[in-house]
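In listed order, ligands and their atoms are each counted from 1. In this chain, residues are counted from 1 in sequence order.
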Amino acid sequence: MVKLSITDLAVFDGVPAFPEPLHVGRPNIGDRDRFFERVSIMFDRRWLTNRGPFVQEFEQRLTQFLGVKHCIAMCNATVGLEIAIRALGLHGEVIVPSFTFIATAHALQWQEITPVFCDVDPATHNLDPMKVETLITPRTTGIIGVHVWGRPCAIEALQKTATKFHLKLMFDAAHAFGNSYQGQMIGNFGQAEVFSFHATKFFNTFEGGAVVTNDDDLAERIRLMTNFGFSGYDNVVYVGTNGKMSEVSAAMGLTSLESLNAFITVNQQNYVAYQKGLEGIPGLHLITYADTAKCNYQYIIVEVDKDVMGISRDDLVRVLHAEKILARRYFYPGCHEMEPYRSYFPHAGLLLPQTERLTQRVMSLPTGTAVGQDEIADVCAIIRLAVENGRELTRRLSELKGN
Ligand code: T4K
């Protein structure tokens, strides 16, 4: 692939750099034979769901890996969030970031709890603990921090605020499986943490998730709620739902666990390749991860500064999509700009300047085991070409839009 001038870009000449799309969120697949073996055992056992042996083994492996007391495997993280929220007794108002996937806010709204959107720290993309405190009202019952891109929230500051105001604190750790904070694995903080093992996560169970906690009573409530509230045969003790993980998902999870280190190594190598490929491009900032902590490196996130580069994030995404590099605008728009929140709180943006700024700047680039180092070099070369000619490219793109 050689693109020497902007007229060579596919957005103008229609010839993409990649014949097949390069996706963000391509699943990592572990050892297929091991997976098929497990599926075969599952069929032989005729035990497909309802906390079967694979789910139990998966939960046990996760508690060991994370160093937590309890792990309840779930059908997905959204239901995990809903159940954790309910089991914690949250009601009224709960403070959450708007700069997150919509599931975080919906898990509250689904239960008629008001998500109160708090701004984020532009350096970390996570909840700004100073701002959290200003949003607490007599109706506030909790805080949900999101470890966005897997980078841990300001956990101590949030815990301090939660303790001071007698609030519950939990974390949406959908991005943070395998990561640590000050020597402890994510999963050990707040009252509960929720992981996602969706296909697009670096560690997947097709669909899936887990709620983890060190609180015995809470774990018991969550376990019951995940299975309709059943406590033994014929005895229902809570309003529950069906949040159970299936055996085939747990089989995938156990297989993925065996390749976990290999996935992380590839992610880290890809991260370094992007670091090299994007180095020195003015106005482009690849987010960093603390090298003192365990990190899954599952997201390649860049911030695009239009003022410096002369090209907006959206135009850059347009250029990349034409090349079949399907960069994503996570998280755009902020939750407060989506329904029903946009209608409920039409002026929420006034209190969310950093969120609004980030949602215009951030994009996610392809990584994972489906992406090779040569492909990354090509992606970076295209970005460099586009940015080095940012103003001219913007002018030509606006002419194209005009046509
Ligand atoms: N909290 C946070 C902070 C989250 O980010 C998420 C999920 C949740 C909670 C809820 O977790 P779950 O209930 O899902 O366990 C995707 C994922 O569906 C979602 O799990 C994830 N966050 C979110 C950030 O990304 P979409 O709507 O962007 O998905 P979609 O279909 O556009 O796919 C994304 C990319 O992945 C595409 O480029 C195609 C590619 N892909 C996808 C699948 C499913 C594949 O290549 N193969 C596949 O099998 O939400």
Side-chain angles (χ1 to χ4, degrees), residues 18 20-30 72-85 94 96-110 115 117 120 124-127 144-153 170-177 179 186-187 190 192-212 226 241-246 249 252-253 256 296 298-301 317 320-321 323-335 338 355 358-359 362-371 375 379:
F18 294 95
E20 293 301 323
L22 210 57
H23 286 281
V24 167
R26 237 26 192 161
N28 291 327
I29 316 279
I72 301 101
M74 294 280 166
C75 56
N76 59 57
T78 306
V79 170
L81 285 166
E82 287 167 5
I83 291 177
I85 286 164
V94 170
V96 283
S98 170
F99 191 68
T100 179
F101 191 60
I102 196 67
T104 323
H106 278 356
L108 291 162
Q109 190 64 44
W110 191 252
F117 295 119
V120 291
T124 64
H125 301 186
N126 285 329
L127 269 186
I144 302 181
V146 182
H147 305 303
V148 173
W149 320 131
R151 299 193 296 183
C153 289
M170 59 174 270
F171 292 100
D172 175 339
H175 299 179
F177 184 68
N179 293 3
I186 295 290
E193 302 209 57
V194 182
F195 294 109
S196 169
F197 306 137
H198 182 260
T200 54
K201 302 291 180 283
F202 86 104
F203 169 84
N204 84 83
T205 60
F206 303 123
E207 287 273 1
V211 183
V212 298
T226 304
T241 184
N242 183 354
K244 289 170 277 129
M245 177 178 272
S246 70
S249 284
M252 183 67 169
S256 298
N296 59 37
Q298 73 173 310
Y299 291 106
I300 302 292
I301 302 295
V317 167
L320 294 174
H321 279 210
E323 304 292 351
K324 294 205 183 169
I325 304 162
L326 303 187
R328 292 295 296 262
R329 298 185 295 179
Y330 293 134
F331 296 107
Y332 168 84
C335 294
M338 299 200 193
T355 302
L358 275 181
T359 57
V362 170
M363 68 176 179
S364 175
L365 295 170
T367 185
T369 53
V371 184
E375 290 170 317
V379 171

**Study point:** Per atom 36 (O) of ligand 1, closest listed option by heavy atom (V24, N76, L22)
**Key:** V24

Check your understanding: If you round to the nearest 0.5 Å, how far is OG of S256 from CG of N204?
Key -> 5.0 Å

**Study point:** Identity and distance of the protein heavy atom lying nearest atom 46 (O) of ligand 1
**Key:** R26 NH1, 2.6 Å

Review point. Below 4.0 Å from any atom of ligand 1, is there a heavy atom belonging to D172?
Key: yes

Point to revise | Contact summary for V146 and C153, nearest pair of heavy atoms | key: O-SG, 3.2 Å

Point to revise | Proximal atoms of ligand 1 relative to T78 (non-hydrogen, under 4.0 Å) | key: 10 (C), 12 (P), 13 (O)

Exercise for review: Give the residue, atom name and distance (to 0.1 Å) of the protein heavy atom nearest atom 39 (C) of ligand 1.
Suggested key: H23 ND1, 3.7 Å

Revision key, fill the gap. of all protein heavy atoms, closest to atom 49 (O) of ligand 1 is P27 CG, 3.7 Å

**Study point:** Selection from W149, F331, F101, Y299 by shortest heavy-atom distance to atom 27 (O) of ligand 1
**Key:** F101

Check your understanding: To which protein heavy atom is atom 15 (O) of ligand 1 closest, and what is the distance rounded to 0.1 Å?
Key -> S196 OG, 2.8 Å

Check your understanding: Are any of the protein's heavy atoms under 4.0 angstrom from atom 31 (O) of ligand 1, yes or no?
Key -> no

Point to revise | W149 and F331 aromatic ring geometry - parallel, tilted or perpendicular at 30°/60° bounds | key: parallel

Check your understanding: Where on A77 is there a heavy atom closer than 4.0 Å to ligand 1, on the side chain, on the backbone, on both, or on neither?
Key -> both

Exercise for review: Pick one of side chain, backbone, both or neither for how F197 approaches ligand 1, counting any non-hydrogen atom pair under 4.0 Å.
Suggested key: neither

Exercise for review: Below 4.0 angstrom from a heavy atom of G208, which ligand 1 atoms are there? Numbered from 1 as shown, please.
Suggested key: 15 (O)

**Study point:** Nearest heavy-atom neighbours spanning L81 and A107
**Key:** CB-CB, 3.7 Å

Review point. Please state which protein non-hydrogen atom is closest to atom 22 (N) of ligand 1 and give its distance, to 0.1 Å?
Key: K201 NZ, 3.0 Å

Point to revise | Contact atoms of ligand 1, heavy-atom distance to T100 under 4.0 Å | key: 3 (C)

Review point. Out of curiosity, H23 NE2 to I325 CD1, how far, rounded to the nearest 0.5 Å?
Key: 12.5 Å

Exercise for review: Would you kindly specify which portion of R328 sits under 4.0 Å from ligand 1, judged on non-hydrogen atoms: side chain, backbone, both or neither?
Suggested key: side chain

Practice item. For the residue pair W110 and T78, establish whether any side-chain heavy-atom pair is separated by less than 4.5 Å. Key: no

Check your understanding: If you take all heavy atoms of T100 and C335, which pair is closest and at what distance?
Key -> O-SG, 3.5 Å

Practice item. Supply the atom-to-atom distance H321 NE2 to R328 CZ, rounded to the nearest 0.5 angstrom. Key: 7.5 Å

Review point. Does I144 reach the side chain of F171, with side-chain heavy atoms less than 4.5 Å apart?
Key: no

Review point. Any side-chain heavy-atom pair from V94 and I85 closer than 4.5 angstrom?
Key: no

**Study point:** Distance from atom 44 (C) of ligand 1 to nearest protein heavy atom, with residue and atom
**Key:** H198 CE1, 3.9 Å

Revision key, fill the gap. Per side-chain hydrogen bond (donor to acceptor under 3.5 Å, both in side chains), H147 is matched among E193, H175, H125 by E193

Review point. How far is atom 5 (O) of ligand 1 from its nearest protein heavy atom, and which residue and atom name does that atom have?
Key: H175 NE2, 2.8 Å

Practice item. Could you find the nearest protein heavy atom to atom 43 (C) of ligand 1 and give me its residue, atom name and distance? Key: T200 CG2, 4.1 Å

Check your understanding: Heavy-atom distance to atom 41 (N) of ligand 1: which of G25, A176, A103 wins?
Key -> G25

Exercise for review: Please tell me if the side chains of F197 and M245 come closer than 4.5 Å, counting only heavy atoms from C-beta onward.
Suggested key: yes

Check your understanding: Which of the atoms of ligand 1 are close to Y330, meaning less than 4.0 Å from one of its heavy atoms?
Key -> 16 (C), 25 (O), 26 (P), 28 (O), 34 (C)

